Amino acid sequence: MSTDGLDGSLDAQIDQWRSYLQRRQAIHTVDVEELEDHLREQIAELVKVGLDPDEAFLVGVKRLGALDALSREFAREHSERLWKQLMVSGEGARDADAGGVYGTRRMWAALALAVSAAVAIKVPGLFGIPFDPDASLFYAINISFFTLPFIAAYFAWERPLPTPSRAGVAATFILAAIGMNAYWAHASADTNADTLTLSILHLPMALWLAVGVAYVGGQWRGSDRRMDFIRFTGELFIYLVLIGLGGAVLIGLTFALFQAIGVDVEGLVQNWILPCGLAGATVVAAWLVEAKQSVIENMAPVLARIFIPLFALVLVAFVATMAATGRGLDVEREILIAIDLLLVVVFGLLLYSISARDPLASPGPFDWLQLTLVGAALLVDGLALWAIGGRISEMGWTPNRFAALGMNIVLLVNLSGAAFLYLRFLRGQGRFLRLWRWQMAYLYVLAGWAAIVAFLFPLLFGFA
């Protein structure tokens with residue numbers, strides 16, 4: 001039964017309900033469609049007996065049952081589905097659009113791009129450029145271009161991405177590659193330029209926005225799609241860590257086995273397994289995240305709920321200890337870098353936790369815990385800025401100090417805005433969507449600052 005002709009806002013509410021169900025529950029796409037058909041039938045019947053569309057929607061959802069209870073019941077009834085999706089080959093598997101994992105067009109496309117990335121990273125070797133950081137900085141400078149364009153290509157094909165957006169994403173990668181290699185064509189393995197290190201570290205952050213455009217299918221203006229990209233980023237990081245750990249074990253066993261028969265495989269590992277595995281694993285990890293997102297509950301929201309209390313405890317204890325002992329921050333470079341990394345991790349946890357939260361849910365204890373984390377991070381950020389300012393006034397400006405100062409200011413503004421909006425939400429003076437939109441808008445700031453450091457700092461500081 002159709003709900004055509006009803007209030008236009010009804011479709012938006014159903015789309016939001018469907019998006020929530022797909023994101024949070026272990027339910028297959030076709031089953032979500034079936035549930036949506038039942039919901040629309042319920043709404044149509046309720047409207048016929050006199051309810052307005054908004055009331056009919058709420059009653060219809062209630063009749064379907066609580067989403068969490070529904071997903072648990074579904075998981076019990078179809079507990080074998082995960083194993084079928086992970087283990088069964090293409091024959092008899094569902095079509096890719098119905099969520100199949102193996103034997104699908106998406107899988108083969110991802111594998112083809114993974115192989116292409118592995119081949120591409122070996123092409124420079126044909127021109128005498130070895131995969132050896134002690135001999136050349138080429139791969140350190142260009143590693144982003146051997147991985148990120150292939151992930152973007154996968155999503156541009158899978159979504160698909162409109163032609164103008166495809167051209168924009170491709171142009172971004174091409175111009176960035178030309179710029180970076182033109183900047184550092186003179187660099188050798190013993191080059192000790194701070195701006196080179198900063199460019200290498202910040203370039204992936206700037207280019208990740210181009211991957212995001214491909215991921216959302218060109219629909220970058222909608223905050224919902226950008227939040228999906230944040231969730232994807234968190235999941236991708238976890239998968240890459242797991243693949244990396246597995247790869248490290250594989251390499252260790254390879255060395256042990258061949259050493260047992262007196263064969264040296266160091267050259268094979270260094271020249272083939274490491275570069276090809278690194279390039280191919282990024283595409284495979286991106287596909288795995290997408291393939292499994294509707295099969296099992298995402299790991300990253302669970303990890304965020306585990307680590308947010310721990311980080312909040314550490315930061316509160318740190319601030320309390322400083323206040324009790326009267327000790328200030330050590331202005332040593334390594335200490336300030338560690339604090340900056342901690343603040344970046346806190347920002348990432350906050351961003352991902354916000355992206356995984358239902359924006360329509362009421363405030364809860366975990367929200368207060370997150371506000372505590374933000375408040376503690378603000379204090380630490382302020383102390384770090386004070387220490388960096390003291391170091392600059394004493395020793396002068398350098399690219400590293402300028403970059404650290406800028407990053408701390410960027411994080412300070414973000415955390416301040418998040419704290420203000422979170423407090424208003426908890427007091428019932430604002431909606432959670434305002435915090436959601438604040439974080440989404442800030443993606444431009446982060447990518448913009450990363451691009452400035454990657455491309456303008458070398459010019460500003462004379463490639464020093």
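The structure displayed is predicted, hence computed values, not measured ones.
Ring pair Phe457/Phe402 is tilted by interplanar angle, where 30° to 60° counts as tilted.
Residues passing the ring pair (Phe, Tyr, Trp, His ring centres under 6.0 Å) test with Trp386, sequence neighbours excluded: none.
Formation of a donor-acceptor pair under 3.5 Å by the Thr195 side chain with backbone atoms of Ala464 is found in this model. Formation of a donor-acceptor pair under 3.5 Å by the Asn408 side chain with backbone atoms of Leu385 is not found in this model. Between the side chain of Asn414 and the backbone N or O of Val410 there is no donor-acceptor pair closer than 3.5 Å.
Few gaps surround OH on Tyr442; more than 12 heavy atoms of other groups in view lie less than 6.0 Å from it. Atom CZ of Phe461 has more than 12 neighbouring heavy atoms from other residues, nucleotides or ligands inside a 6.0 Å radius. More than 12 heavy atoms of other residues, nucleotides or ligands shown are found within 6.0 angstrom of CZ on Arg401.
Ring pair Phe138/Trp184: centre-to-centre distance not below 6.0 Å. Between Trp208 and Phe229, a ring centre-to-centre spacing shorter than 6.0 Å is recorded. Two rings, from Phe155 and Phe232, have their centers less than 6.0 Å apart.
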(request) Could you walk me through whether Glu158 and Tyr215 pass the side-chain hydrogen bond (donor to acceptor under 3.5 Å, both in side chains) test, one step at a time? (result) CA-CA 9 Å; Glu158 193 266 343; Tyr215 180 88; over 6 Å; no
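Side-chain contact check for Leu350 versus Tyr422: some heavy-atom pair is nearer than 4.5 Å. In this structure, Ser353 and Phe366 have side chains that are in contact, with non-hydrogen atoms separated by less than 4.5 Å.
To the nearest 0.5 Å, the span separating CG on Asn400 from CG on Leu198 amounts to 5.0 Å.
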